Each structure stands twice: as C-alpha cells, then as structure tokens.
Amino acid sequence: MRFASGPVLWVAGWIGLAGAAIGVYGVARIAWADWVRRQNTEESVRAAIALVPANWEYYRDLAELKPKEAVAPLRRAVELNPRNAPLRIELGQYAEQTGDFATAEESFRSAVALDRTYAPRAEQAGFYFRRRDTARFLKAVRSALEVGREDMGPLFEECWELIGEGDEILQEAIPDREEVLRQYLVFLIEKDRLEAARPVARRVMAAGGSGTESREVMLRYCDRMLEAGD
C-alpha cells in the first residue's frame, strides 16, 4: 500500500480549508440576508433576494409588500418550492384578484393535488363559485365535503346562493357522510328551509343516525317541524 506524500497531503489540506471557508461564507451570507429581510421593506427584501436568490420565502415576502404585483414573485416562489400547497393557494388568490383566471384555476387545482385536506378544496370551490361555473363548483364542493371535518357552513351558503335548489344540491354536492349530513341538516333548520331538510333528515337516519350528535340534531329537526305544524 502506498501512502500520500507530503505535498499531496498539503494540497488536500488546503482544499479542505477552502471548502470549509466557502461553507462559512455561505452560512454568513444567509444570516446576513435574513437580517436584511427583517427590515420588511421592498428594498430590504429585494436585497435579501440578491444575496440568496434561492430562498422562496423572500419572494412571498415581496408579494405581500407589493400585492398588485404579487403574481410574478409568487410564481418564482412556487418554482423554488413546488410541493407547497398553501403557497399555490396564495398564488391562485392573487392571480384571481388581478384577473389572471387561468393561473388562478391551475394554482388551485395544483394545491388540491398536493394537499388532500379540506382547505384547498374549499378554496377551489370558492373560485368556481365566483366564476359562476356551476358544474365545476358542485364537483369541487363535493370533493371538499368528502374530506372536511371543520365548519362547512360557508360552502352550504354558496350552494344555495348559486344553485338555489335543494334537490340538486343534495344530489350533486352532499356526500353520504353522517358528519356532513348532520351539519347540512342544522344549516337547513337554521335557514328555515324545512322542505329541503326532509330528505336530508332521512339520509342522516340512513347513514346511521344513532350517535349522540345525530340524535340531538334529529330531535332538533323534529321540534322545528312540530313548531311548523307538521
């Protein structure tokens, strides 16, 4: 076995030191960029971007500081962090505000593909609601309600404002999930839409209807029907 000679070791040592120096410089540059960014002005954020152009958060900061020109920096942020669903939602919201509906729709669609939770689906449904695209709206609402566990009242409100017909809403938008049916029944009771509530109450029972929460909702429905003389 042959061992490295003195000059070779000397060169290797210098290479190692150079690499370490570059690493220290990179860390210092990032720290300096973060300090500059904290000034929270357009100029300071642009300076931070110049120092560390690969940091997606700086582009989002710039978008927040310049909302009328937010689409371009948010596009760059998405390029740098393509798996970030909330970032794509932000891009969709700003794009919609500026009238770039194609970018908005694609951004919401991408967010839904990345994140299987309720929030991006509700955002997508809201976009189609504002565009008055009934078919895509109903599809997006159903997709949101199939996974949602939070307050789904705003989606029910949008359904009635856009569709205004209980049978179509129930058939096209409301999945056979007891939690969703229960929330929807409460919504209809509170809005005094008792005719639309009838088939929903039946579906609550068909979906189970034996748990404490469903039983309380069904008793509330019965009380309301009795008050109405039915």
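On a predicted model such as this, the values are computed, not experimentally measured, just so you know.
- For the pair R76 and W56, the cation-pi criterion (under 6.0 Å, within 45° of the ring axis) is not fulfilled.
- Applying the 6.0 Å contact sphere to CD of E146 captures more than 12 heavy atoms from other residues, nucleotides or ligands.
- Note that CD of E227 and CG of L194 are 9.5 Å apart. Values are rounded to the nearest 0.5 Å.
- Between the CD atom in E172 and the CG atom in D167 there is a gap of 11.0 Å [rounded to 0.5 Å].
- The closest side-chain heavy-atom distance from E90 to V78 is not below 4.5 Å.
- Partners of D61 under the side-chain hydrogen bond (donor to acceptor under 3.5 Å, both in side chains) rule, at least two apart in sequence or in another chain, are R37.
- Judged by a 6.0 Å distance limit and a 45° cone about the ring axis, R88 is not positioned over the six-membered ring of F108.
- In terms of heavy atoms, A197 sits closest to Y221 at CB-CE1, 3.9 Å.
- Residues Q124 and E105 bring no donor and acceptor atom of their side chains to less than 3.5 Å of each other.
- Counting heavy-atom neighbours within 6.0 Å of R83 CZ, excluding the residue itself, gives a total of 12 or less.
- Between the side chain of Y94 and the backbone N or O of E64 there is no donor-acceptor pair closer than 3.5 Å.
- The line from CG of L138 to OG1 of T134 is 6.5 Å long, rounded to the nearest 0.5 Å.
- The hydrophobic cluster containing I49 also contains L80, counting ILVMFWY residues as joined when their side-chain heavy atoms lie under 4.5 angstrom apart, directly or transitively.
- Closest heavy-atom contact between A144 and A122: CB-N, 4.0 Å.
- Between S107 and S110, the side chains place no donor N or O within less than 3.5 Å of an acceptor N or O (distance only, hydrogens not considered).
- For the residue pair T103/R75, the side-chain donor-acceptor check at 3.5 Å is satisfied.
- For T117 and D115, the side-chain atoms include at least one donor-acceptor pair closer than 3.5 Å.
- In this structure, the side chain of R130 does not engage the main chain of A125 through any donor-acceptor pair within 3.5 Å.
- A continuous path of hydrophobic side-chain contacts links L170 to I163 [ILVMFWY only; heavy atoms under 4.5 Å].
- In the displayed structure, R116 atom CZ is contacted under 6.0 Å by at most 12 heavy atoms of other residues, nucleotides or ligands.
- Both F127 and L162 are members of a single hydrophobic cluster when ILVMFWY side chains are connected at heavy-atom separations under 4.5 Å.
- Judged by distance alone, the side chain of R203 and the main-chain N or O of I174 form a donor-acceptor pair under 3.5 Å.
- When atom types are taken as modelled, the side chain of R121 and the backbone of L145 share no donor-acceptor pair closer than 3.5 angstrom.
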